[in-house]
Each structure stands twice: as structure tokens, then as C-alpha cells.
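Chain identifiers are assigned alphabetically (A, B, ...) following the order of the sequence lines, protein sequences preceding nucleic acid strands; residue numbering begins at 1 within each chain.
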2 protein chains.
Amino acid sequence: MAECQVKKSGRHEYYCSVELTLQVIGGKWKPIILYHLGRNGTHRFGELKLAIPNITQKMLTQQLRELEKDGVIDRLVYAVVPPKVEYSLTELGHTIIPVLQHLGQWGQQYEEYSREHGLSEVTV
Amino acid sequence: MAECQVKKSGRHEYYCSVELTLQVIGGKWKPIILYHLGRNGTHRFGELKLAIPNITQKMLTQQLRELEKDGVIDRLVYAVVPPKVEYSLTELGHTIIPVLQHLGQWGQQYEEYSREHGLSEVTV
DNA sequence: CGGCATCCTCACCGATACTG
DNA sequence: CAGTATCGGTGAGGATGCCG
């Protein structure tokens with residue numbers, strides 16, 4: 001984090017490792033996807049689609065592809081009709097789960113804190 | 001994280017607390033700003049500008065304003081000429097530092113892992 | 001079932017110029 | 001010094017339709 005040079009890793013450009021992490025997990029739906037794969041293990045595409053309301057097929061596909069390219073999930077295609085595709089965390093992918101939990105914990109703290117301190121009111 | 005309802009906290013809408021955290025720290029320059037404030041304490045605007053190459057005045061101002069609204073930094077304006085403004089972490093802001101460190105650690109692991117496993121080559 | 005191809009919108013970010 | 005104000009590019013994200 002101390003250095004301020006542009007680095008590259010895979011598809012990502014970043015100045016510090018925090019930024020790199022955020023580029024891997026920072027997609028709008030990626031935390032939720034990783035959460036589901038971490039919690040219940042392997043999922044089919046349709047299961048993820050059901051588990052994540054409001055996500056469109058396009059976005060689900062796109063985010064899954066990026067996570068795959070970044071090496072945090074595996075994609076297993078069965079040669080059957082109708083198609084069957086299963087997604088699961090890689091070894092590397094499992095290591096991100098504690099980080100996500102940490103983020104989640106802070107978010108909850110923040111939620112409470114802002115309720116107590118009246119941060120939650122928006123002046124529209 | 002288990003629930004999938006839309007919530008609101010302050011300026012943010014989110015489905016899970018991970019998302020909320022990412023909305024607070026997820027701006028392009030926010031991690032770096034928080035890092036500097038966490039490491040060396042109070043900074044003047046110009047000091048931050050110098051410490052963060054490439055950032056524009058506009059972006060620095062904007063990100064600082066958002067961090068302030070979210071309650072993680074304080075803004076102290078001295079009534080002097082020329083103007084003097086100091087930024088520092090709030091109590092709440094300090095609690096985000098370990099989370100950032102965790103993100104940074106994972107990023108470094110990821111960096112090594114992808115070098116070892118040839119993830120770092122991009123097919124342009 | 002699990003996609004891909006298009007088209008579109010809008011928030012994010014940057015460059016530049018001006019100011020109390 | 002520490003900002004605003006304005007304009008404009010760009011790409012992430014979304015809606016819709018077709019396909020093996």
C-alpha cells in the first residue's frame with residue numbers, strides 16, 4: 001500500500017493492493033455471488049439467478065466470467081442437453097470469504113453506528 | 001448478508017452490509033485517502049493533494065465530502081487567510097483501517113498467487 | 001438451460017477555468 | 001489555499017431479443 005506506482009495483475013491496473021482487491025470483488029453483484037458460492041458450495045447458473053433477485057442474466061453471466069478470469073471461481077460445463085453449468089469457488093476463491101465477512105461486519109457496525117448517531121437521515 | 005431486502009443508510013442503498021461498506025470505501029480514491037489519514041493522522045487539503053499524485057482537486061474535494069457525509073472523516077476549517085482546512089479520521093473512521101489492511105493483505109496474496117499460477121498474463 | 005448480441009442510459013471520473 | 005462551476009468522455013450496468 002505504501003508504493004504509488006502503477007502495477008498490473010491479470011486484467012487489472014492498480015496503485016495499491018487494496019485497489020486490486022476491490023477490482024476483483026468490487027463488481028455490483030460479485031460479493032453476493034461469492035457469498036452464495038461460499039455458503040452453499042457449488043451452484044448451477046439458474047440457482048444463482050434465483051438466489052439473487054433483481055440480477056439480470058446478462059449481469060450474472062458477465063460477473064461470473066470476470067470472477068472466472070480472476071481465478072476465484074471455477075466453471076464446470078456438462079455436455080448434456082439441456083445445458084448444465086456449475087460454478088464453485090477455487091482454492092483462491094475460498095480465501096476471499098473471510099475478507100468479505102470482515103467487510104460485512106464493518107457494514108453492520110456502521111449501520112448501528114449511523115442509526116445511533118442520526119447519520120441515517122437524508123436531507124433530500 | 002443473509003437477507004435480500006433493499007435497505008437504506010444515509011445516502012446509501014444496499015442489499016447486504018458488504019455492499020454498504022463498499023459504498024462507503026469504494027470510491028476510486030477513498031481507500032488511498034483513508035490510508036493516508038490513518039497512517040499520518042491529520043492532513044491539510046494540500047498535503048493530501050501532494051500525497052496522492054494524479055488526483056485532481058475536484059475529485060479530492062468530492063471524495064472528501066462524501067467521506068465526511070458518511071461520517072468517517074472530520075473537516076476542520078480555520079477562519080484564516082489564506083484558508084486552512086484539516087481532515088482527520090473520526091472515531092468511526094478509525095474502525096475502517098483494519099478492514100482496509102485486510103483488503104490490502106488479500107490483494108498482495110492475490111498478486112503472488114497470480115504470478116505463480118500464470119494468472120498475470122493478459123491476452124490483449 | 002444458459003447463454004450471446006444490441007442498444008441505451010447515466011453515474012463516475014477527468015480537464016479546464018474561475019474565485020473568496 | 002482550498003475550493004466551486006462547467007463541459008465532456010467513458011464504461012459499468014440494465015432492457016430486450018434471439019439461439020444451440
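- For the salt bridge (Lys or Arg N to Asp or Glu O under 4.0 Å) test, residues two or more places apart in sequence or in another chain that qualify with B/E66 are B/R11, B/K30.
- Listed by first then second residue, pairs satisfying salt bridge (Lys or Arg N to Asp or Glu O under 4.0 Å) with a partner in residues 88-111 of chain B read A/K7-B/E111, not counting sequence neighbours.
- Looking only at distances, a side-chain donor or acceptor of B/Y110 sits under 3.5 Å from a matching main-chain atom of A/D70.
- Here C/dG3 presents its P atom at 10 Å from CG of A/L48, a figure rounded to the nearest Å.
- Atom NZ of B/K49 sits in a crowded spot, with more than 12 heavy atoms from other residues, nucleotides or ligands closer than 6.0 Å.
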Using the side-chain contact (heavy atoms from CB on, under 4.5 Å) rule, take A/V6 and A/Y15 through it: C-alpha gap first, then chi angles, then the decisive distance, then the call.
CA-CA 5 Å; A/V6 187; A/Y15 293 85; 3.5 Å; yes
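- Contacts of A/E86 classified as side-chain contact (heavy atoms from CB on, under 4.5 Å), with partners at least two apart in sequence or in another chain: A/T42, A/R44, A/L76, A/Y78, A/K84.
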Could you go through residues 95-104 of chain A and list every donor-acceptor pair under 3.5 Å that involves a side-chain atom there, pairing it with any protein atom two or more places apart or in another chain?
from: A/T95; atom 1: OG1; to: A/L92; atom 2: O; distance (Å): 2.5
from: A/T95; atom 1: OG1; to: B/W106; atom 2: NE1; distance (Å): 2.8
from: A/H102; atom 1: ND1; to: B/H102; atom 2: ND1; distance (Å): 2.7

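- Classified by interplanar angle (parallel below 30°, tilted 30° to 60°, perpendicular above 60°), the ring pair B/Y87/B/F45 is tilted.
- B/Y78 comes within 4.0 angstrom of no nucleic acid atom, judged by non-hydrogen atoms across all strands.
- Think of the region where chain A sits on DNA chain D: with heavy atoms and a 4.0 Å cut, that region ends 5' and 3' at D/dG13 to D/dG20.
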Heavy-atom contacts, protein to nucleotides 4-20 of chain C, under 4.0 Å, summarised as B (base), S (sugar-phosphate only) or - (none) per nt, yield S-B------BBB----B
